[in-house]
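For reference, the structure is listed below as structure tokens.
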Amino acid sequence: MRRSRAFIPTTKEAPSDATLPSHIFLARAGFITQVAAGLYNYLPLAKRVIRKIENIVNEEMAKVGAQEVELSFVTPADLWAESGRIEKFGKELLRFKDRKNNLFVLGPTHEEMMVDLVRNRVTSYKNLPLNLYQIKTKFRDEARPRFGLMRGREFIMKDAYSFHASTEDLDREFEAMEAAYKKILTRLGLDFRVVEADSGAIGGSGSKELMVIADSGEDTIAICSKCEYGANIEAASRSARGSIPEAPEADFNKFLTPDTKTIDELAEFFKVDPYYTVKCVAKRVVYEDESEIVLFFVRGCDNLQEVKALNATEALDIVDVTEEELKEIGLEPGFIGPLDQAKAKHVIDSDLKGATNMICGANEDGYHFIGVNMSILDDVAYFADIAEVNEGDICPYCDGELSFTKGIEVGHIFKLGTTYSKPLKAEFLDENGKSQPFIMGTYGMGISRLVASVIEQHHDESGCIWTKETAPYMVNIMISNIKDEAQVEAGETLYEQLQNANVEVMLDDRKERFGFKMKDAELIGFPYTVIVGKELVDGNVQLFDRATKTKESMSVAAIFDKLMELI
RNA sequence: CGGGGUGUAGCUCAGUAUGGUUAGAGUACCUGGUUUGGGACCAGGGGGCCGAAGGUUCGAGUCCUUUCACCCCGACCA
């Protein structure tokens with residue numbers, strides 16, 4: 001491509017609302033333009049990068065036997081009513097009516113559509129397993145789209161769906177897909193981690209997220225210092241503590257503790273480690289038609305993990321409560337303890353099961369119990385893992401320590417089981433001629449988010465640094481002075497040579513100054529730029545490496561072979 | 001959906017407290033010239049329903065009302 005003919009509107013200044021490097025540079029370098037909140041146009045350079053990522057995805061999917069399809073973007077609302085997700089998704093589903101007044105939604109994900117496609121067409125175990133995928137625009141009417149391509153309303157996702165006759169076969173496919181996803185991210189040149197994840201509303205027996213490591217990531221992940229363990233903080237677990245602080249030995253007693261409402265005050269009052277205190281976090285949990293106050297108890301040194309808490313209650317949502325609401329049902333904020341089970345439902349963190357020498361609220365203004373042995377609650381209380389892991393906690397699988405890092409969720413794979421096949425009545429006949437719902441898996445990967453992720457990990461102050469597998473063009477030939485006929489000729493010759501060798505090459509033949517064109521090349525981030533300039537009088541050109549920003553001189557005769565060797 | 005902010009040239013922004021010539025700068029763009037190794041210089045030029053609607057006023061980018069859009073923090077996020 002000739003730069004003089006290319007549609008690459010680069011700018012010196014970034015849009016004022018861009019904060020992430022990926023957003024700033026993709027906009028400045030002429031890859032994307034914003035249309036409305038969460039909506040972007042992909043310009044020629046972006047389109048090329050997207051196609052490269054898609055090609056890699058297609059190659060890896062082919063290797064695991066997945067077949068590409070493309071389902072309609074506009075989907076009948078009926079299907080969403082059938083699965084029950086028309087309510088669950090709520091406003092994120094963009095709904096509209098056609099001229100015949102039928103209700104449709106823009107597809108935010110395609111479980112329903114894919115199940116509908118397969119049901120009644122695949123009807124025998126003999127035709128299983130089956131893995132179908134597509135790469136397609138999705139639309140979710142997010143309350144707050146942000147960060148450029150990172151969280152758009154319209155985005156490109158690769159979504160795969162697998163159908164099986166047994167959970168064992170699903171397990172096999174799940175592992176194969178995880179391996180394929182790792183391969184894709186490795187090929188893209190990304191530093192990532194596969195972590196255990198909360199399965200959320202979609203349900204199923206397990207899920208993993210593929211996280212690209214980046215400070216700008218919206219998710220916090222806990223990773224082990226020794227082994228492969230990693231988990232989204234929403235799902236992270238830990239081993240029992242290695243070193244336990246010295247216990248405050250005391251007989252069970254009620255103790256006057258005026259004005260000690262917080263854990264800090266309580267620990268200070270008794271001079272004990274917060275480990276031996278019981279923290280109460282009161283929340284209102286919301287079900288479909290009703291809501292109630294639930295008291296969550298964790299050790300004073302821990303915090304409540306709300307996603308875990310939500311899972312423990314099987315509610316739809318968890319919201320805060322006010323002190324007034326607590327007082328209304330006879331609770332004493334600051335002094336709430338687990339020994340009174342009458343006023344509200346309790347959920348106690350499993351780490352407190354059987355704990356001894358504990359201090360907890362006495363449900364009476366100004367009093368705490370000391371010397372509490374939690375095992376008296378074993379038969380009456382509901383225990384669940386609801387505490388958030390802390391940095392420094394021990395890995396659940398080895399003796400390594402957990403530390404936190406930020407990640408961008410670029411993939412999420414689920415073992416769905418029959419979550420969708422059952423309500424949608426998608427069944428096959430097994431060996432015994434018996435009707436069974438499909439055992440399913442679903443595997444998502446954010447293609448447009450991957451574009452942004454590459455730049456989050458590969459950029460510097462000058463702009464983008466595309467990896468070889470993602471670069472829109474591998475080589476940029478920059479003719480320093482377009483009025484110098486010798487330079488033009490040398491540049492054109494190399495351009496033709498590289499094109500004939502099927503190298504993706506850009507020829508910067510614009511009538512601009514050297515500095516302008518270099519800045520532009522750095523901003524766009526071509527892996528290599530050949531500078532045809534002042535050294536040509538000695539028969540030399542320079543090879544500029546974008547990643548290292550170094551220039552190397554070599555003869556005109558040698559440059560072609562050198563490039564072919566590098567790419 | 002709560003809280004906050006911003007809408008003026010393609011882009012980044014002044015101007016709005018206190019209403020008053022023909023609405024500005026930088027950048028980008030066009031023409032001519034000089035220049036050609038790190039986003040050049042000189043000269044000339046095109047480009048605006050000052051987000052939209054209504055109102056107050058002799059007069060509104062500026063004041064009032066309504067509305068829309070976009071952004072930020074939070075909630076939400078298969």
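The figures here come from the full heavy-atom set of this structure, side chains too, leaving out hydrogens, waters and symmetry mates. Residue numbers start from 1 in every chain, and the chains themselves are labelled A, B, ... in the order their sequence lines are given, proteins ahead of strands.
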Heavy atoms under 4.0 Å, any strand shown: does A:Ile482 hit a base, just sugar-phosphate, or nothing? nothing
Answer with base, sugar-phosphate or nothing: what part of the nucleic acid does A:Pro9 contact at a heavy-atom distance below 4.0 Å? nothing
Ignoring hydrogens and angles, answer whether the base of B:C77 and the side-chain atoms of A:Arg151 contain a donor-acceptor pair closer than 3.5 Å. yes
Just compare B:U36, B:C70, B:G38 and give me whichever is closest to any side-chain atom of A:Phe514. B:G38
Does B:C70 pair with anything, Watson-Crick or G-U wobble, both distances under 3.5 Å, and if so, with which nucleotide? B:G5
Starting at the 5' end of RNA chain B, which residue's closest nucleotide do you reach first, A:Ser462 or A:Glu234? A:Ser462
Need one value for A:Lys549: base, sugar-phosphate or nothing, where a base atom within 4.0 Å counts as base even if backbone is also close, heavy atoms only. nothing
Rounded to the Å, how far apart are A:Asp484 CG and B:U36 C1'? 10 Å
Would you verify whether the NZ or CZ of A:Lys97 falls within 45 degrees of the ring axis of A:Phe104 while also being under 6.0 Å from that six-membered ring's centre? no
Complement of B:U31, any strand, by Watson-Crick or G-U distances under 3.5 angstrom: B:A43
Taking the C1' atom in each of B:U8 and B:A25, what is the distance between them to the nearest angstrom? 12 Å
Are A:Arg144 and B:C72 close enough that a side-chain N or O sits under 4.0 Å from OP1 or OP2? yes
Expressed in whole Å, how much space separates the C1' atoms belonging to B:U16 and B:C50? 11 Å
Aro-ring/base stack A:Phe516-B:G39, d under 5.5 Å, angle under 30°: no
Taking the same atom, C1', in B:G51 and in B:C71, what whole-Å distance lies between them? 15 Å
Classify the nucleic acid contact of A:Glu209 as base, sugar-phosphate or nothing, counting any heavy atom under 4.0 Å across all strands shown. nothing
Roughly how many Å is it from CG in A:Leu39 to P in B:A69, rounded to a whole number? 12 Å
So A:Ala37, base contact, sugar-phosphate only, or nothing? Heavy-atom distance under 4.0 Å. sugar-phosphate
Which is it for B:A17, anti or syn, if anything within 90° of zero counts as syn? syn
Any idea which of B:G38, B:C11, B:C70 is nearest the A:Gln34 side chain? B:C70
Which nucleotide, in any strand shown, forms a Watson-Crick or G-U wobble pair with B:G20, with both distances under 3.5 Å? B:C58
Can you tell me, in whole Å, how much space there is between the P of B:G19 and that of B:A60? 13 Å
Between B:A75 atom C1' and A:Glu142 atom CD, what is the distance in whole Å? 13 Å
So A:Asp159, base contact, sugar-phosphate only, or nothing? Heavy-atom distance under 4.0 Å. nothing
Which whole number of Å gives the distance between the C1' atom of B:A9 and that of B:A14? 13 Å
Donor-acceptor pair under 3.5 Å: do we get one between A:Lys517's side chain and the base of B:U36? no
Atom NZ of A:Lys483 and atom C1' of B:A40: how far apart are they, to the nearest Å? 13 Å
Would you measure the distance from the P atom in B:G20 across to the matching atom in B:G61 and give it in whole Å? 10 Å
Kindly say whether A:Ile531 contributes a backbone atom to a donor-acceptor pair with the side chain of A:Gln542 at under 3.5 angstrom? no
Interatomic distance where CD1 belongs to A:Ile531 and P belongs to B:G37 [whole Å]: 12 Å
Quick one: label A:Asp17 by what it contacts on the DNA or RNA (base, sugar-phosphate, nothing), any heavy atom closer than 4.0 Å. sugar-phosphate
Between P of B:G10 and CZ of A:Phe7, the distance in whole Å: 15 Å
A:Glu70 (side chain) donor-acceptor with A:Gln134 (main chain) under 3.5 angstrom: no
Taking only the side-chain heavy atoms of A:Ser16 (C-beta and beyond), determine which of B:U12, B:G38, B:C70 contains the nearest atom. B:U12
Expressed as a whole number of Å, how far does the P atom of B:U34 sit from that of B:C49? 37 Å
Please determine if A:Asp116 and A:Lys425 form a salt bridge, counting it only when a charged side-chain N lies under 4.0 Å from a carboxylate O. no
Per atom distances to the A:Glu522 side chain, the nearest of B:C71, B:U35, B:G38 is B:G38
Just compare B:G38, B:G37, B:G74 and give me whichever is closest to any side-chain atom of A:Gln542. B:G37
Provide, to the nearest angstrom, the distance between the NZ atom belonging to A:Lys519 and the P atom belonging to B:G38. 10 Å
A:Asp509 with A:Arg5: basic N within carboxylate O range, under 4.0 Å: no
Touch check for A:Lys511, heavy atoms < 4.0 angstrom, all strands: base, sugar-phosphate only, or nothing? base
So, are A:Arg2 and A:Glu492 salt-bridged, with charged N and O less than 4.0 Å apart? yes
Rounded to whole Å, please give me the gap between CZ in A:Arg28 and P in B:U27. 16 Å
Looking at A:Asp169 and A:Arg172, is there a salt bridge between them, counting it only when a charged N and a carboxylate O are closer than 4.0 Å? yes
Please figure out whether A:Thr109 or A:Arg510 has its closest RNA chain B nucleotide nearer the 5' end. A:Arg510
B:G37, B:C77, B:U36: which one has an atom nearest the side-chain heavy atoms of A:Arg513? B:U36
A:Lys415 NZ to A:Thr419 OG1 distance, which is reported to the nearest 0.5 Å: 13.0 Å
Whole-angstrom distance between B:G26 and B:G39, as gauged at atom C1': 14 Å
A:Lys12 has its side chain closest, among B:C77, B:U35, B:U27, to B:U27
Regarding A:Arg510 and A:Ser4, do their side chains bring together a donor and an acceptor under 3.5 Å, going by distance alone? no
